[in-house]
Amino acid sequence: TQLLEQSPQFLSIQEGENLTVYCNSSSVFSSLQWYRQEPGEGPVLLVTVVTGGEVKKLKRLTFQFGDARKDSSLHITAAQPGDTGLYLCAGARETSGSRLTFGEGTQLTVNP
Amino acid sequence: NAGVTQTPKFRVLKTGQSMTLLCAQDMNHEYMYWYRQDPGMGLRLIHYSVGEGTTAKGEVPDGYNVSRLKKQNFLLGLESAAPSQTSVYFCASRLLAGGPGQYFGPGTRLTVL
């Protein structure tokens with residue numbers, strides 16, 4: 001059973017479109033992180049959210065942590081080909097110490 | 001400052017062979033992790049370490065062993081490789097549990113025939 005469910009699994013859009021990726025769980029997380037991974041490389045941290053309802057912006061990317069700290073979303077405005085990659089959410093629970101639980105990822109392709 | 005490095009980058013093994021993957025970090029991070037990444041499975045934690053001389057099992061530890069003799073190095077061993085261990089292996093490090101996120105290495109692509 002996957003603790004963190006990401007949707008959609010695959011997303012192919014045209015340059016300039018907006019999109020939202022979701023990360024959902026039935027468990028409460030003390031913090032949630034979003035990573036982006038490009039082919040042949042390791043994941044790179046984009047953001048960490050720790051407070052329920054928190055919203056963080058990174059240029060055209062907006063990250064939100066759910067009020068109950070069970071879910072999160074990533075919204076990209078005016079997507080560009082450079083946004084193409086695998087987006088992973090990862091949650092930390094109070095009981096898991098230093099460990100993270102990763103979602104399966106959303107493969108985003110932005111076509112020029 | 002190289003961050004997290006992994007050696008080798010690619011390796012092909014025959015069933016039953018053994019090998020060691022090396023992870024090194026130069027950021028003085030306390031925590032280190034080994035993951036495997038398979039299509040449709042995301043990143044799964046194999047073993048991790050919360051400091052020099054310590055190791056702990058993750059989600060999928062069977063068939064793997066680890067050692068953290070020095071703070072900057074975390075070794076992952078396969079004693080008798082099996083085809084099911086064909087995967088991409090990532091090492092990661094983190095300063096502290098409540099600190100910034102994990103820093104990942106570039107990965108090792110392992111094929112077991």
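Computation of the quantities below employed the complete heavy-atom set of this structure, encompassing side-chain atoms and omitting hydrogens, waters and symmetry-equivalent molecules. First the proteins, then the strands, lettered A, B, ... as listed; each starts at 1.
- A single hydrophobic cluster is not seen to contain both B:Met32 and B:Val50; linkage of ILVMFWY side chains at heavy-atom distances under 4.5 Å, directly or through other members, places them apart.
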Subject >> B:Arg44/A:Phe102 under side-chain contact (heavy atoms from CB on, under 4.5 Å): CA gap, chis, key distance, verdict >> reply: CA-CA 7 Å; B:Arg44 292 183 293 170; A:Phe102 281 84; over 6 Å; no
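- With hydrophobic clusters built from ILVMFWY side chains whose heavy atoms lie under 4.5 angstrom apart, B:Leu13 does not share a cluster with B:Leu75.
- Residue A:Val28 shares its hydrophobic cluster (ILVMFWY side chains chained together at separations under 4.5 Å) with no other residue.
- Taking A:Gly42, A:Pro43, A:Gly40 one by one and counting their heavy-atom pairs under 4.5 Å with chain B, the maximum is reached by A:Pro43.
- Only the side chain of B:Leu45 has a heavy atom closer than 4.5 Å to any heavy atom of chain A.
- Residue A:Leu108 is grouped with residue A:Phe63 when hydrophobic side chains (ILVMFWY) are merged at heavy-atom distances under 4.5 angstrom, including chains of intermediate members.
- Side chains of B:Gln102 and A:Tyr35 form a contact here, defined as non-hydrogen atoms less than 4.5 Å apart.
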**OP:** Please test B:Gln37 against A:Leu86 for side-chain contact (heavy atoms from CB on, under 4.5 Å), starting from the C-alpha separation and ending with a verdict.
**Re:** CA-CA 12 Å; B:Gln37 186 175 37; A:Leu86 179 67; 3.7 Å; yes
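- A 4.5 Å side-chain heavy-atom check between A:Leu100 and B:Arg94 finds at least one atom pair inside the cut-off.
- Two different hydrophobic clusters hold B:Tyr33 and B:Leu21 under the rule that ILVMFWY side chains link at heavy-atom gaps under 4.5 Å.
- For the atom pair CG of B:Asp38 and CD of A:Glu104, the computed distance is 11.5 Å after rounding to the nearest 0.5 Å.
- Under the 4.5 Å side-chain heavy-atom criterion for grouping Ile, Leu, Val, Met, Phe, Trp and Tyr, B:Leu78 is not connected to B:Tyr48 through any hydrophobic cluster.
- Residue A:Gln37 touches chain B through its side chain alone, counting heavy-atom pairs closer than 4.5 Å.
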